[in-house]
There are 2 protein chains.
Amino acid sequence: MADVARLAGVAISTVSRALANPGRVNEKTRAKINAAARQLGYTPNAMARGLRVGKSNIIMIILPGSLYYGASQVIPQVLQSINKSLIQGGYNLMIANLDRDEISERHILDLAFGGSVRGAIILSSKLPEVDGRSLANSGLPIVSMLLDMSDAGLQSVVTNDREAVRDVTAELIRLGHRRFFYLAGPEGNYHDVERYGGVLEALEAAGLSEDLVHRSGGHLDYQHGFDIGVQAADDFAELTEKPTAVIATSDDMAISFVSRIQRTGLSIPGDVSVVSFDGSPVCEFCSPPLSTIKQPVEEMGRAAVDLLFDAIGQRQNTATVRTVIRSSLILRESIAAPKN
Amino acid sequence: MADVARLAGVAISTVSRALANPGRVNEKTRAKINAAARQLGYTPNAMARGLRVGKSNIIMIILPGSLYYGASQVIPQVLQSINKSLIQGGYNLMIANLDRDEISERHILDLAFGGSVRGAIILSSKLPEVDGRSLANSGLPIVSMLLDMSDAGLQSVVTNDREAVRDVTAELIRLGHRRFFYLAGPEGNYHDVERYGGVLEALEAAGLSEDLVHRSGGHLDYQHGFDIGVQAADDFAELTEKPTAVIATSDDMAISFVSRIQRTGLSIPGDVSVVSFDGSPVCEFCSPPLSTIKQPVEEMGRAAVDLLFDAIGQRQNTATVRTVIRSSLILRESIAAPKN
DNA sequence: CGGTTTTTGGCAAACGTTTGCTATAAGCTG
DNA sequence: CAGCTTATAGCAAACGTTTGCCAAAAACCG
């Protein structure tokens, strides 16, 4: 920096001001300084700046260690959209994986308390906490995405899962379906609660009994979505009175489920209608093309980043704690009226 | 840190030594120091350390901005495996997206030259370079993954694309196929060159003419893999003499291609055999299940990190510049002998 | 041209570590 | 207990910025 100052013929403090907060220096000298910096190939040292200012410009995203269940399909898009928004605000994105072991928790806490990161976006249902240090009271702005953690006081960006599932279930009922097969992810998980709740609400609204829906899957939370679908197909095969409509909580499990039951001679949507969750692009090219509830992940990513920026900007944590972004049903050929 | 020292009854320098390089301090006092640190909820400031030591503990992964083509399916696995390996070595993973605009290039260069990162893993074919600053001469250890950039002097971790495609093409020839349809990604891309080269090699080895293979796709590099497959299906429909075997350079395009040509009444593998590249889990559940050449991405990720660690450890850049990890063909029902 | 505002220069402290140095203390050996 | 090795204390410099302060210079105004 001293070199740049010398070459530009200005003081070192002026260089700093020109590069960091562009307001406080004359436009003409700023141009001169930039030219000098470019000529010398100078780039300010981020760590020195961070140390002095007391803030980093890194945001960490906390991914569940086993992102297999469902989420895997949408992760790249989430990452892309979040990173894009962050960069526009001058921030960088760091990845942190939260496994079920203490090591990864400790690692995340080190990041948080060591001043490495300025905020976090969390896609996991559990806040790391060990040895009295907890992410919750790290003082870091945190926003949760996909999962509603407003109970824990976290700004949350979610879709209207319950409502979406309720609507699609209602539509299936309207078409004449009366026996349902619900393909669950990890049991008790926010998504499971909401989505299954949506199914039940629709049944109730139609004056139907909860017994009409058979739950399958959801025993393990580290399972690959495809595996869940395969197991569920076995489960389905055992049923004497076959359900005519399947509601799956992720595209992955729907895809493998469909593949397996087609092999047993059943046809979609002739014998069974299927709808799932996520909106993976691949659904369009399945046979038959799968109906799916599309999660607007790009939009959610942007919203999460905006909330984070708000939280960083002001010391007060804002009141609104839950942002709902509407998902949309993509209707394809996998849904029809039941046979008779 | 001073507080910790006071509580533990030792000097501040001893605390530093105990926490940073554990060798130089007595085990007993180290335990005392750790206890004090835990009690006080103390975590060393990473930026201060980084500044003093002159090195960061962050590795950046440079992803192509449009990771749509093909790669999208494997990115989460790549990220997971790389991050896991990095953390074991005490490093963190930062994401950088390399788009075709100057902004993103500049951004990456700022990261590199600003001392923010200690090394890079690059999954893009182009090294950012602007204003005389180039990633190549940033002094940073860099390893390329998926793409062979050993020409540019970069350690590269790749699969044996050419060989794998050659083998599977030879197998198709053996089955009796004589007309081929090659579904290309971005033209001139390393993968395209290698894979197409593999096709040609197999033809030549069998004494067949290059004219037997029809190329499709590969005009744009920002296309979603699925779109390429859709377009290629239109392309395919126009051909008077239909090829009997399709070799696709990513699973995505194979999936959408298959979906579309099945709709025109053709059957797989009856009328057309299909094989593709990537090894996405979803292939198993397509109808028919797709044969695919599986890229061992976890293994590649580990290898890339190991190479990076080697490069960080020593000042000399090691001689070997290309690491090949063998891919494996997963044979499924989408391949059969041609009809007559 | 005197007075006022804006911009810059120069200085120095601060951010929280690490690390080389010397000196002291502690522990061990015979 | 002398002589040796090992561990720690205490000090201070350094890493590369930012930023508050005040003075100096420049620009602007009427």
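Lettering of chains follows the sequences in order, A, B, ..., and the numbering in each one begins at 1.
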In whole angstrom, give the distance that lies between atom CG of N26(B) and atom P of dA7(D). 6 Å
Closer than 4.0 angstrom, basic N to acidic O: yes or no for K126(A) and E105(A)? yes
Grab the CG-C1' distance between D110(B) and dG16(D) for me, whole Å please. 16 Å
Phosphate OP1/OP2 of dA9(D) contacted by T14(B) side-chain N/O (<4.0 Å): yes
Check the distance between dT17(C)'s P and D3(B)'s CG and give it to me in whole angstrom. 10 Å
Once you round it to whole Å, what is the distance between P of dA7(D) and NZ of K32(B)? 15 Å
CD1 of I12(A) versus P of dA13(C): gap in Å, rounded? 15 Å
Taking the side chain of R17(A) as heavy atoms from C-beta outward, which of dT19(C), dG16(D), dG9(C) is closest to it? dG9(C)
Going by an N to O cut-off under 4.0 Å, is there a salt bridge joining D131(A) and R106(A)? yes
Compute whether any side-chain donor of one residue and acceptor of the other, for H107(A) and N92(B), lie under 3.5 angstrom apart. yes
What is the separation between atom CD on E27(B) and atom P on dG27(C), rounded to the nearest whole Å? 16 Å
In whole angstrom, give the distance that lies between atom CG of N45(A) and atom C1' of dT17(C). 14 Å
Which whole-number value in Å describes the distance from K55(A) NZ to dT19(D) C1'? 13 Å
Residue met sooner reading DNA chain D from 5', once T29(B) and M1(A) are mapped to nucleotides: T29(B)
Answer with base, sugar-phosphate or nothing: what part of the nucleic acid does G114(B) contact at a heavy-atom distance below 4.0 Å? nothing
Answer with yes or no whether the side chains of D101(A) and S104(A) bring together a donor and an acceptor at under 3.5 Å. yes
Nearest-nucleotide 5' precedence on DNA chain C, A11(A) against V53(A): A11(A)
Under a 4.0 Å N-O cut-off, is there an ion pair linking E27(A) with R30(A)? yes
DNA chain D nearest-nucleotide lookup for K28(A) and L51(B): closer to the 5′ end is L51(B)
